[in-house]
Each structure stands twice: as C-alpha cells, then as structure tokens.
Novice: 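Here it is, the structure, as structure tokens.
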Amino acid sequence: MNYDFSYRFPIHGACEVTMTSVLGHLTGIDFPPPFQWGKCVPGRLFDADIVEKVLKQDVYDNIANEAAKAQLLMIWTDCDREGEYIGYEIYTAARKGNHSLEIAAIWRSKFSHLERNHVIAAANNPIGLDMKSVEAVACRQEVDFRVGTSFTRLLTDGLRQHKIIEQKEVASYGTCQFPTLGFIVDRYRRVKSFIPEQFWYLAVEVKHEGVAASFSWVTGHLFDRLYVLILYQQCLEHDQGTITKLDLKRTTNWRPLPLTTVELQKDCSRLFKMSAKNSLAAAEKLYNKGFLSYPRTETDSFPASMDFSGTLQKQAQDSRWGLYASGLVQNGFQTPRNGKYDDKAHPAIHPVNYVDISSLSSPDERKVYEYVVRRFLACCSKDAVGQQTTATLKWGDQFFTASGLVVLEKNYLDIYTYKKWETTKQLPNLTEGQTISISSGRMKDGKTSPPKHMTEPELIALMDANGIGTDATIADHIEKVLSRGYIMKQKQASVEYIIPSDLGMGLIEGLDAMGFDNISLSKPFMRKQLEELLQEIVVGTKTKPEVLGDIKHIYRQAYAVTSRNMAALARSCTDIMART
DNA sequence: GCAAGGTC
C-alpha cells in the first residue's frame, strides 16, 4: 500500500511524499547452483560465491517503481542494527528503479516510537544511513549462513551414512541452535551427575506469651557433623537465650519494570504454561488488531512523552480492572520506573487500545492481554510497603534469626495478581536484651538436593543473558531444536521440563570430545565473540573482511576436525542410545 | 532439505 501526501521538510521545503512499507528483510543470501546441497563438498561453502536473492518480490518491485519518480529517499525502519540493514536493502531496491539515487540522497529518520511530536521531530531532523552497522549485519549474515549450511550438510550426510538419523531427517547446526541445546545438555548432566551431600544444622524454637517462633541458624548448615555436634553441646549448656537485636524495618516491594518480550515470555511460561512461541504469537495477534504496542522489544522503559493518563483511561471501562485504572487517573499515578535496557527502536510493551477480553476467542490472547494490562497498571502504581521485624537470638555462642512481615500497603499488588507478597506469621512481642527460655533446640540434618531440569523460562533467561538469539528469535530457536528432535519437553507434576534426546546428547558430547583448538561448537562463547566483533565493526575499530577472515578461519579448522572425526561423533550418539 | 534475522 502506498500513501501520497504533502509535507514541508525544513531541509527541502514542500515535498510531494509517497510513503510505503516493508515487512522485515527484503533480501537474503544464497549460494549459486554449483554450491547447492550435493553439488559440492560442504567444506567449500566457507569460500563459495554468495548471491543475493529477493525474498519479497512484490514489495521490492513496488519500491523500485515508486523510486523511479523520486528525487529523495527517506528510510523509516527500526533504529537498530538490523533496521539499518533493511534500510540499505530498501536503498538497493530503490536504486534498481532509479540509478540517480546516490547514497548521499538518502535520509534516515531516527525514531523509537510513534508519538506525534517525536515522529515530526524525526522527519525534520534526518541523518544518513550508518554504513558501519550495515556492514556488521552483512557480516553476521554471512557467518551464520556459511557456518550453518556447511556444518548442517556435514552432520546430516555423516549421520545418515552411519544410520544415526533417517534418510529424510536433517541434523542441522546453527550458531544459536547449538548453544541453546548446549544449555539443556549442560543442565541435564549436572542433574544426572549430582551426588547429594549430608549436612547438619541447628534449629531453635522459643515461646513468649504463648506465641511461638522458629529461629534459623545464621551459619546456615555445615558438612562436618562432629563440628556441629560440638557447637550444639556448647549451646546445650544454656537453657536460656538472649534477644540481642530487634530490627524493625520498613521494606518496599517494588512494582515491576515496563515489559520486554523476554519478560513476557518468561512470565507466560511460568504463569500460564504457554510456550515462548505461543505467547509471542498471541501478543503479535493482539498487536495486529491494534490492542497492544509492538511486542518485540528489549526496552524496559517508556518514552518521557508517553500519554500515561490517556492509556490508563482507556482501561477504565473494564469490569475487572476498570475501577483500579480510573482510580489511578483520578488520584494520581506513578510514572513507571525506567529499566536499563533500550533497543532504541521500540518502547516497552503496553496496551494501546481497550478490548473486552471476553470478546477474544483465543484463550492465549485473553491471558496475554490481561497480563499486559495488569502489568502496565502495576507499572503506574505505587510500590507495596511492608514492615519487617527481624529478631536475633543468641544461644550459647551461636546466633539465630527469625523474621515476620506485615504488609501495610498492597498498592500495585492489588492489581498485579500474579505476584504474592503476604503477611507472615507474626513474631512474639520480644524486646531487645530480653532473656528467653529455649523451648526446643535441636541439631538436625539434611541433604543437598540436585538441581532441577531446565524449564523454558530458565532457558529463555540463559539465552538472553548470553546473547543467543534476539527478542524476536529466542522462541524460534527453542522450537527449532525441538523440531530437530534434539530436545524433548517432559511434564513432571504440572511443571514442564526440557531435557535432551539421545541424539541431542550424543551430538553435544561428541562435539565436546573432539578437542577443537580455540572454539566450542556447543557453548555460547563464539556467538558472544561474534557479537563483540560486530560491535567493533559498528564503532569502526575493525572491518567486515577482517572479522569474516578471522571467524571463518576458526570455524574452518573446527570443520576439518569434525569432518575427520565423523565416525567418532556417530559412535558418541550410539553410545548414548545404548546407555539409556 | 541447510542459518539467523527481520516480519505476517
């Protein structure tokens, strides 16, 4: 769809504008026919020619056609690295239709949300395309493509030959897929190899004016039974203890930060047992219907210019949270906290229009919309306030503490029903310096417990923290390793865990056993290093050919080793199958 | 048939 209108740009004066849109990348890369699967050895893909292919011919042609009549081109893609590259793709398409469009005639608007004044300011103060960011993305594309395709063909052909996978199956390798799988295998191994250890500790109970309190040992627990026993016997010489400290503290339970994609996915997985893919899909549908803001964002803050009052007012009509929303509008709301992440492209996820959730047919959409609204209302609310009493007890030479919490003001917790913060059992009325008889003082033992298998919210958090994938792709990578048969979801008492399959386990163990020089194909370090090198391209301390050369060199060596040891890799897979 | 990144 193209829109025509007039606008007076300060730099150019009155202009006739045609505005059109793209949807993500316009072009991708591919190998020419001699390098298709089966036509060459996969190792050649590190240096094979690369051709550009158009992904959306209609969008591409429309830009070329419209550009033929244009003197200037203005790019309005997301203001992040990929957005810069898509801007360059648009320029390339426009140049196909109009050879006189020089790169100097390209303007790029810098904007991060669609508030009217912000958009006008962006239109009036355009900058140039950042070719360094464009180079960085081209580099990422090429690394991911060459590494992914070469290793995928190598693994697939090799494992088919050794009958590890079926002829129709594909054993893919990707720079994000394998670290994702690696996290899951790593956790699985830690659970399996866990050896419980016995520990000992002291526990005390006192009673005052009929109210009992359990105190726990400040030392926690120790693994030396005899030592704890000696301490215990020293304590037993006293049948009274002393309250050495009584701490009355006002505590704050912070309202949540503005919502990012990763947080949305983690919470939907935890609260509603929705997969990352499904929660993002539901948010996307709500966005397309105009109910939610753009759902793929890393930004956990809102623009200063945001109309909070108007956004809250729209929710006032709801039967569930309307009263709360109008209360915020009438009695004053808090400006949301600002987190520390900003992708410079989108604000945090928030409701933009009201919808009665009972009119939504999809249960996922109902849950996601309600969650986003309650989260937003919570962001605009006051923190919850409580009073915490902590008593310290000295028994013999040992110290113990007990605490009680009284919630004084629930504030945001009234509307953010997903979080519990409640008044606990109260401590007796103690005074500092008071001596008190020990009603029970015991030495107890316990065992360290194994870590739990991986859950999806934990996996998302790990990927996010290690730079594996982006807000938009984390869910895809999890789905990918699932569909390749590398991992499985397993339900245990209402919690869904992710564990590796024999194949996934065998691949990681096999690759880890190969002893590459300076690389791990299953850990997140290479991806992190690539990310750092891309940043160097962006700031200008390295060039794309330099980075590409270095990275290719490393992967080429790993490829050679993997290729030589294909039989061992296959054996690693059969060994795992035999073991289970 | 292969990646990861956009987006629908």
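As a basis for the values below, the full set of heavy atoms in this structure was taken, side chains included, without hydrogen atoms, waters or symmetry mates. Order of the sequence lines fixes the chain letters, A, B, ..., with proteins taken first and strands second; residue numbering starts at 1 for each chain.
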Novice: Look only at the side chain of A:Y173 and the backbone of A:L521, and say whether a donor-acceptor pair between them is shorter than 3.5 Å.
Specialist: yes

Novice: Does the separation of the ring centres of A:F302 and A:F376 fall below 6.0 angstrom?
Specialist: yes

Novice: Could you tell me how far apart A:Y486 (OH) and B:dC2 (P) are, to the nearest whole angstrom?
Specialist: 11 Å

Novice: Atom CG of A:L45 to atom C1' of B:dC2: distance rounded to whole Å?
Specialist: 9 Å

Novice: Rounded to whole Å, please give me the gap between CZ in A:F145 and P in B:dA4.
Specialist: 12 Å

Novice: With A:R146 as reference, evaluate A:I29, A:I50, A:L45, A:I551 under the side chain to side chain contact (heavy atoms under 4.5 Å, CB included) test and give the passing residue.
Specialist: A:I50

Novice: Please state how far atom CD1 in A:I474 lies from atom C1' in B:dG6, giving the value in whole angstrom units.
Specialist: 15 Å

Novice: Below 3.5 Å, can you tabulate the donor-acceptor pairs from side chains in residues 113-122 of chain A to any protein atom, sequence neighbours excluded?
Specialist:
{"residue": "A:H113", "atom": "ND1", "partner": "A:E115", "partner atom": "N", "Å": "3.3"}
{"residue": "A:E115", "atom": "OE1", "partner": "A:N117", "partner atom": "N", "Å": "3.4"}
{"residue": "A:E115", "atom": "OE1", "partner": "A:H118", "partner atom": "N", "Å": "3.4"}
{"residue": "A:H118", "atom": "NE2", "partner": "A:S112", "partner atom": "N", "Å": "2.8"}

Novice: Check whether any side-chain nitrogen or oxygen of A:H477 sits under 4.0 Å from OP1 or OP2 of B:dG5, and answer yes or no.
Specialist: yes

Novice: Pick base, sugar-phosphate or nothing for A:T152, based on heavy-atom distances below 4.0 Å to the nucleic acid.
Specialist: sugar-phosphate

Novice: Remember a base hit wins even if backbone is also touched, and classify A:L155 as base, sugar-phosphate or nothing at under 4.0 Å, heavy atoms.
Specialist: nothing

Novice: Residues two or more places apart in sequence or in another chain: which of them pass side chain to side chain contact (heavy atoms under 4.5 Å, CB included) with A:D343?
Specialist: A:T297, A:E298, A:T299, A:A345, A:H346, A:D471

Novice: Contacts to DNA chain B from residues 280-295 of chain A, heavy-atom cutoff under 4.0 Å, which residues?
Specialist: A:E284, A:Y287, A:N288, A:Y294

Novice: Could you check whether any side-chain N or O of A:E496 sits under 3.5 Å from a backbone N or O of A:K489, counting only pairs where one atom can act as donor and the other as acceptor?
Specialist: no

Novice: Atom CE of A:M1 and atom C1' of B:dC8: how far apart are they, to the nearest Å?
Specialist: 15 Å

Novice: From the list B:dT7, B:dC2, B:dG5, which nucleotide is the closest neighbour of the side chain of A:R527?
Specialist: B:dG5

Novice: Base, sugar-phosphate alone, or nothing: which one does A:G24 contact when heavy atoms must sit under 4.0 Å apart?
Specialist: base

Novice: Would you kindly give the CZ-to-P distance between A:F46 and B:dA3, to the nearest whole Å?
Specialist: 14 Å

Novice: Report which part of the nucleic acid A:G83 touches: base, sugar-phosphate, or nothing (heavy-atom distance under 4.0 Å, all strands).
Specialist: nothing

Novice: Please check if the side chain of A:R375 supplies one atom and the backbone of A:L257 the other of a donor-acceptor pair under 3.5 Å.
Specialist: yes

Novice: Between A:R484 and B:dC2, is there a side-chain N or O to OP1/OP2 distance below 4.0 Å?
Specialist: yes

Novice: Between A:T470 and B:dG6, does any side-chain N or O lie under 4.0 Å from OP1 or OP2?
Specialist: yes

Novice: Does B:dA3 have OP1 or OP2 under 4.0 Å away from a side-chain N or O of A:S172?
Specialist: yes

Novice: Rounded to the nearest angstrom, tell me the gap between atom CZ in A:F151 and atom C1' in B:dC2.
Specialist: 13 Å

Novice: As a test of reading the structure: which of B:dC8, B:dG5, B:dT7 is closest to the side chain of A:D78, going by heavy atoms?
Specialist: B:dT7

Novice: Contact class for A:R146 vs. all strands (heavy atom < 4.0 Å): base, sugar-phosphate, or nothing?
Specialist: nothing

Novice: For B:dA3, does either OP1 or OP2 sit under 4.0 Å from a side-chain N or O belonging to A:Q177?
Specialist: yes

Novice: For B:dA4, does either OP1 or OP2 sit under 4.0 Å from a side-chain N or O belonging to A:T473?
Specialist: no

Novice: Return yes if some donor-acceptor pair links the side-chain N/O of A:R95 with the main-chain N/O of A:A67 below 3.5 Å, else return no.
Specialist: no

Novice: With DNA chain B as reference, determine whether A:W37 or A:L55 sits nearer its 5' end, using the nearest nucleotide of each.
Specialist: A:W37

Novice: What is the separation between atom CE on A:M526 and atom P on B:dA3, rounded to the nearest whole Å?
Specialist: 18 Å

Novice: Report yes or no: does A:N353 contribute a side-chain atom to a donor-acceptor pair with the main-chain N or O of A:G290 at less than 3.5 Å?
Specialist: yes

Novice: From the list B:dG6, B:dA4, B:dT7, which nucleotide is the closest neighbour of the side chain of A:D476?
Specialist: B:dT7

Novice: Does B:dG1 have OP1 or OP2 sitting under 4.0 Å from an N or O in the side chain of A:R153?
Specialist: no

